[in-house]
Amino acid sequence: MTARTLLGLAFAGLVLIALAALPFFAGPYAVTLMIGMTGYVVLATAWGLFSGPTRYVSLATVAFFGIGAYTVGVLSETLPYPLVLLVAALIGLAVALVVGLSTLRLAGVYFVIFTFGLAELIRQVVTWYEVNVTGTLGRYIFLPVTPEGIYWQLLALAAATFLISWGIGRTRWGLALKVIGDDEVVASHCGIDITRLKLALFATSAVIITLVGAIQAPRWTYIEPSIVFNPTISFLTLIMALLGGADRLWGPLLGAIPLFLLFEWLSANFPNHYPIILGLVFIAIVFLLPKGVLAALESRLGKGGAK
Amino acid sequence: MSELLALTGLTKRFGGLTAVNAVSFSLERGEVVGLLGPNGSGKTTVLNMISGFLPPTGGRITLNGDAISGLGPNHIAKMGVARTFQLVRALPSLTVAENVIAALAFGRQKLWDAVARDAALHHLSAVGLAGRADQPAGSLTYIDQKRMELARALAAEPELLLLDEWLAGLNPTELKTGIDLILSLKDRGITVLLVEHVMDAIRALCGRSIVMNAGRKIADGPTAETLKDPEVVRAYLGDGHV
Amino acid sequence: MFEIRDLSLHYGQHLALDHVAATVGKGETVVILGANGAGKSSLLKAAAGLVKPDPGASIRFAGADIVSRPAHLVLEAGIALVPEGRGVFGDLTVEENLALGAYAKRARAHGKTSRDLVYSLFPKLADRRKQFVNTMSGGEQQMVAIGRALMSKPDLLMLDEPSLGLAPVVVGELFAALGRVRESGLALLIVEQNVRMSLSIADRGYLMEAGRIVGENTATALMNDDAVKRAFLGATV
Amino acid sequence: MLVTAVLSGLVLGGTYALLAMGLTLQYGIARIMNLAYGETIIAAAFLAYVLFTGSSVNPVLGLLAAVPLGFAFGYFVYGLMMRPLVRRARSRENLEIDSILATFGLLFVLQGVMLVLFGSNYTSYSYLNVGVNVLGTNIAANRLLAFLLAIVLGGGLYLLLTRTLWGTALRAVAVSPGSAPLVGIDVDRAARFAFAIGGALAAAGGVAISMYQTFTATAGVVFTMKALIVVIMGGVGNVLGALLSGLMLGLVETFVATYLDPGLTLAATYLIFLAILLWRPAGLFGRAAR
Amino acid sequence: QDRTSVKIGYAISKTGPNAGGAGITTLPNYQLWVKDVNDAGGLELPDGKKLPIEVIEYDDRSTSEELVRAVERLATQDEADFILAPWGTGFNLAAAPLFDRYGYPQLAVSSVTDKAPDFVKRWTKSFWMLGGGHDYAGALAGIIKKAAADGTLNNKVAMVSVADGFGIDLVTAARPAFEAAGIEVVYDKTYPIGTSDFTPMINEAKASGADSFVAFSYPPDTFALTQQSQVADFNPKLLYLGVGTGFPIYGKNNGDNATGIMSLGGIDPANAENAAYRKRHEEVTGQGPDYWGSVITYASLQMLQEAIKRKGLDREAVSAELSTGTFQTVLGETKMEDNQLRTLWWTGQWQNGQFVGIAPADRAGASQPILPRQGWKK
Ligand SMILES: Nc1ncnc2c1ncn2[C@@H]1O[C@H](COP(=O)(O)OP(=O)(O)OP(=O)(O)O)[C@@H](O)[C@H]1O
Ligand SMILES: Nc1ncnc2c1ncn2[C@@H]1O[C@H](COP(=O)(O)OP(=O)(O)OP(=O)(O)O)[C@@H](O)[C@H]1O
Ligand SMILES: [Mg+2]
Ligand SMILES: [Mg+2]
């Protein structure tokens with residue numbers, strides 16, 4: 001490890017500590033805001049982990065998110081909290097492996113819509129099961145988790161996600177992913193085991209997303225499939241990551257934070273014209289930042305000499 | 001000399017079309033062999049099956065005596081087979097060096113970091129791309145991309161190299177350089193199976209050639225002889241060509 | 001008939017063509033020789049309207065300035081290109097590719113006769129008319145590309161390395177066919193590494209180097225030029 | 001029972017097919033992944049509603065207004081928003097991402113405008129809601145109309161795309177836009193037309209469903225996603241595929257609801273969809289665009 | 001300090017799948033009430049002073065997480081004096097812990113839950129004002145039982161329900177209620193949200209031999225069921241359809257054909273205040289109120305207004321007053337029981353162009369059910 005990497009890590013550590021200390025200085029609304037924001041940062045980064053380099057655009061985000069939330073809904077009364085999270089992660093992993101294996105032959109938009117269909121299928125199956133087997137639909141979550149607790153958990157998850165993403169980028173696996181993204185045929189002829197690599201990465205990304213759902217669920221007290229399997233979550237995640245630049249470590253973060261704040265600001269100030277303004281801003285962004293936020297920043301900085 | 005690659009009764013069907021029909025031949029270690037035949041006779045398909053890109057419909061392929069038919073390309077690559085593609089497949093969003101490092105990192109030696117970069121630069125200069133390492137691969141001309149593809153194939157330190165019309169499109173000067181390059185591979189003990197339509201190159205490089213027509217093998221022997229075979233002349237070379 | 005003047009072209013910072021001037025007369029066959037990267041393909045692409053040259057260039061064809069026309073209108077004017085890498089419609093059948101060749105207004109009326117001509121030049125295509133082009137061998141695809149260009153009834157046909165990947169027998173047939181096509185009054189502009197073959201059917205040739213035209217002569221003269229011999233005809237092997 | 005199930009399945013599927021065909025053109029040929037597609041449908045539905053309740057213009061006549069408007073809207077949107085994106089795109093993927101992002105914005109704008117104009121209420125009216133006896137089964141005349149519209153438009157488009165040179169040119173643009181100019185096709189114009197026809201089809205679909213389905217200003221996404229499923233199942237750019245897979249989905253839903261459990265209809269839809277993709281990763285007819 | 005206004009905030013689904021429901025039952029009433037109050041000079045405080053209402057409005061975009069954040073912002077950033085409840089059972093539950101934590105009374109109208117008695121213990125300032133599935137199901141069972149005893153109907157019911165919180169709550173309550181009433185459920189299926197074609201279910205129900213058809217459905221489903229039953233000539237003697245039957249557009253679209261159709265809610269047609277409210281609602285918001293939750297939403301706001309008048313802006317005191325006080329509202333005299341509103345119309349029926357309450361039959365103002373309902377007119 002070079003001195004620069006160490007310095008970078010130390011800096012990241014300091015930022016993390018500062019963020020973790022936030023609830024002691026800022027009010028409850030700030031914590032709430034940070035929960036939402038960190039949630040999307042993790043979702044977008046985890047999404048970019050798989051979809052960025054491989055360019056498989058996944059809309060299955062909410063499937064895993066919902067699985068996480070539902071697991072908490074089902075088990076929160078019966079198991080201790082850490083175990084519930086563990087079980088959620090394991091279920092997410094299992095589903096991810098099945099999904100990953102079944103999607104291997106799909107490419108492009110077929111993959112996109114397949115993953116969307118999958119999320120909806122899972123939602124339908126959960127609904128049907130609840131209706132016909134357990135005979136209830138909504139689930140109550142009365143866990144004694146404070147907003148601060150949720151925030152810290154998400155922050156830790158964010159740190160872990162960045163660490164994983166950064167680590168992959170530095171190893172040959174990072175290169176392998178870029179190769180896969182460009183041309184799978186070449187990748188396999190270079191000796192890369194595409195199947196295994198894609199599967200491992202998809203599973204990692206899915207487990208992280210599952211955990212986001214599981215960690216956030218206690219905030220809503222009550223969950224039902226239409227709440228936790230809301231496809232908007234998949235769309236927002238995708239949009240944020242793409243906007244920031246999904247193939248770079250910090251890209252999704254730089255998409256998620258400004259977009260999240262934009263949503264927040266617009267819905268606070270223009271509750272009646274929110275969609276119109278949001279849409280226009282969105283179109284403007286696409287036209288003004290053609291390569292994503294991070295690339296735009298980089299070229300700015302690049303002109304200033306530092307890269 | 002010992003046998004490196006053996007094909008027995010290799011067959012590939014696409015729907016109703018039999019692209020490769022019960023082809024058998026073997027390659028000795030260190031040989032440079034030409035695989036010739038009219039367009040659409042199944043040469044590329046044979047290479048595709050050897051490299052694992054296509055599963056054979058029937059027949060068997062062995063490398064060093066181990067069956068490789070049906071294995072995935074990544075396994076076969078690790079067993080020492082590398083190739084170039086008839087229509088170049090560069091990795092356009094990567095740099096030239098990264099294109100080569102991809103093969104180094106996942107090939108047999110698994111090089112990474114500075115070592116890999118040094119090795120990549122070495123392979124690049126061997127194919128005449130010294131100094132182009134940090135260019136995006138997409139900005140190379142077609143021919144330079146072919147060179148890069150060869151560097152990538154060589155980076156895997158293959159025992160068997162499959163070249164699919166790698167010399168096509170070179171002018172005579174460049175062709176000469178290309179031929180010398182392949183000859184140097186031969187000296188390093190790499191076995192080469194070469195699909196090519198440039199007869200000058202075939203004559204210069206291949207002691208032996210195999211000719212296919214309509215999916216079948218129609219000739220196999222010393223190049224000078226096969227190229228005189230009346231069937232080969234009729235089907236492939238044309239009467240004007242002697 | 002066809003005249004290029006002051007044609008320069010930049011890819012970003014890189015100067016690919018540097019004040020190129022060239023002409024092709026009516027019914028004339030011209031080859032362009034040059035090393036890899038000399039800018040031959042770029043020249044053809046610029047002429048076809050596929051890349052935009054630097055301002056100041058002039059490309060005149062049959063009296064009209066076509067330099068700023070988009071590619072589809074250049075074709076309409078009578079210039080067809082068989083590009084490097086073929087540019088066929090892989091997911092369409094042979095038949096459909098050829099039919100589209102006659103999409104240009106100037107060609108529509110002649111669809112049937114052109115098709116018969118193409119099938120007689122490349123009988124293999126007639127056998128495979130229903131096959132999807134991306135499942136064909138490299139050489140077969142090249143035939144489709146040339147056939148498709150002929151379908152547009154061009155006055156000038158530009159070919160970028162047409163013999164690339166073709167079996168010797170087909171190359172022979174191709175040049176024979178080009179020779180025949182030429183008889184019908186079609187002008188040809190050919191970029192080709194098979195210099196011997198191409199010069200054998202050509203009237204004139206240009207030599208290109210690093211984006212510039214560095215020489216021009218009749219085909220016979222070029223064939224006997226020592227420098228050309230050394231660089232392109234290579235009695236080396 | 002069986003006849004009834006088949007007929008109502010076909011009629012339901014006709015709606016799906018009708019809604020999907022425009023999208024398959026927009027995505028398959030113009031290469032624009034139009035997330036605002038459903039909003040076009042809803043806008044047309046509102047138009048039909050306003051015409052019907054406001055000026056008592058019946059929706060069949062409403063089609064005559066909505067279809068050209070849909071075409072014009074598509075033409076306009078492509079020229080204004082999509083063309084610059086197409087021009088700057090370096091690869092198909094780039095364009096895909098850009099068009100997803102841009103039409104995501106458009107989706108919100110359209111939705112917002114409709115919210116301002118019509119509010120968020122459930123909207124519905126009733127037209128031709130009478131049973132027509134077909135082989136002994138009562139079928140709603142309005143749905144039958146939508147079904148016929150789907151068949152006629154789908155069949156017509158299919159013939160147009162496969163039997164005419166112009167249609168073949170559209171497909172050529174779909175498969176390799178880079179090569180199309182080489183044969184004299186104005187890619188920009190072709191894509192714009194395809195996109196506009198897609199808009200016209202969406203409008204036709206919107207008018208048709210407004211006759212029997214309740215809609216809200218925010219319901220567009222549902223239609224977009226359903227249409228996408230049908231498009232993907234049939235194979236991108238494949239009009240016949242969209243038609244057949246739409247009908248098939250309708251049949252599946254009706255059969256599951258009749259013989260299994262209405263609670264499983266959507267699950268079955270998605271299951272069939274996923275199974276088909278696993279079996280044929282490029283959709284039912286997904287090799288060539290036709 | 002010198003206040004010049006009272007800040008009242010709410011977060012509601014203006015976009016997304018819940019916007020349709022919120023846009024009819026909740027939002028127009030919030031707007032109407034604010035206008036009514038401000039037109040009258042503002043909210044009156046115990047000292048007789050009137051302060052205008054300053055509205056802070058957010059869109060929760062039909063997402064729980066957005067709602068939670070918006071409520072948190074209302075409470076801590078905007079320091080709203082009062083926060084009005086969101087729309088929907090799930091959303092009221094998501095917001096409940098926050099209302100509780102920051103000490104706001106929560107007048108949850110649009111949420112139907114049988115767990116209200118538990119919730120009022122957990123969140124002592126929460127009020128649940130639309131009853132639970134058992135109430136509605138029990139009332140319906142009573143009506144069918146009675147009509148079956150008369151011989152007006154047979155004792156068979158065909159039943160469908162939407163697979164979402166509301167439909168499932170009601171259907172799980174209905175099954176035991178019907179059983180207890182000796183009613184045989186001959187067809188009982190659940191369908192997913194978003195279903196648009198009900199033909200198979202209607203055909204099955206038609207073939208089942210039941211005189212009563214019950215659907216615990218959402219508005220789009222309710223509209224579709226009505227239309228498709230007409231097409232299929234399905235004429236059950238008792239037709240009960242879920243949410244949406246009480247929407248003004250339902251009466252408008254179906255005209256005379258609506259007559260006899262039953263659903264949840266209803267009004268007392270003789271209640272003049274209610275009639276006046278309906279008229280004003282239509283004038284101010286441009287649309288009529290629905291016949292179920294709307295008037296209760298408005299009444300809940302009147303209760304809040306009155307409690308503020310009595311106790312001022314002290315939320316603790318206002319909550320206590322809401323709990324114990326008696327209020328004069330558009331519903332008439334209104335009072336919470338154990339923080340729940342229990343005097344409700346459990347079943348209503350379209351009669352003479354109005355959707356009138358028919359159960360509980362012993363409640364003042366109840367109309368007589370008309371059975372069997374007339375067949376479809378073409
Ligand atoms: N799209 C591009 N972007 C950047 N540079 C390019 C591009 N296309 C070509 N070039 C550069 O322009 C120069 C001329 O290229 P061109 O393809 O015209 O050469 P050529 O003579 O056809 O060579 P070849 O024999 O290899 O086909 C080369 O140096 C090449 O690297
Ligand atoms: N995926 C495929 N599907 C259907 N047919 C195919 C496919 N791939 C190849 N073919 C057919 O198989 C035959 C052999 O093709 P192949 O590419 O092996 O020829 P080739 O000998 O390499 O020819 P060339 O010298 O022109 O490259 C051809 O007729 C081709 O059309
Ligand atoms: Mg080949
Ligand atoms: Mg070239």
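Note that this is a predicted model, so its numbers are computed, not measured.
The neighbour count for A:Phe142 CZ, taken as heavy atoms of other residues, nucleotides or ligands under 6.0 Å away, is above 12.
For A:Thr232, no part sits under 4.5 Å from any heavy atom of chain E, backbone or side chain. Using a 4.5 Å cut-off between heavy atoms, A:Glu130 makes no contact with chain E at all. Interface remark: A:Phe260 contributes side-chain atoms only to the contact with chain E (heavy atom separation under 4.5 Å). Contacts of A:Pro225 with chain E are absent, with no heavy-atom separation under 4.5 Å from either backbone or side chain. Proximity to chain E is absent for every atom of A:Ile223, based on heavy atoms less than 4.5 angstrom apart.
The minimum heavy-atom distance linking E:Arg101 with A:Pro147 is given by the pair NH2-CG, 3.4 Å. Heavy atoms only, all atoms of each residue included: A:Ile227 and E:Gly90 are closest at CD1-CA, 4.3 Å. Shown here for A:Pro28 and E:Thr76, the closest heavy-atom pair between the two residues is CG-CG2, 3.5 Å.
Taken to the nearest 0.5 Å, the CG atom of A:Asn230 stands 7.5 Å off from the OG atom of E:Ser62.
A heavy-atom distance below 4.5 Å is not found between the side chains of A:Thr32 and E:Arg73. A:Val31 places none of its side-chain heavy atoms less than 4.5 Å from the side chain of E:Glu72.
Looking at residues two or more places apart in sequence or on another chain, you find no ring pair (Phe, Tyr, Trp, His ring centres under 6.0 Å) involving A:Trp128.
Near-neighbour residues of residues 118-138 of chain E relative to chain A, defined by a heavy atom under 4.5 Å from a heavy atom of that chain, comprise E:Phe119, E:Arg122, E:Trp123.
Residue with the most contacts toward chain E among A:Phe270, A:Phe263, A:Tyr222, A:Tyr140: A:Tyr140 (heavy-atom pairs, distance under 4.5 Å). In terms of heavy-atom pairs under 4.5 Å with chain A, the best-connected choice from E:Val68, E:Val171, E:Asn92 is E:Val68. The greatest number of non-hydrogen atom pairs below 4.5 Å with chain A, out of E:Asp164, E:Thr190, E:Ile12, E:Leu98, is found for E:Asp164.
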Worked verdict on E:Glu65 versus A:Ile35 for side chain to side chain contact (heavy atoms under 4.5 Å, CB included): CA-CA 10 Å; E:Glu65 179 63 31; A:Ile35 289 178; 4.1 Å; yes
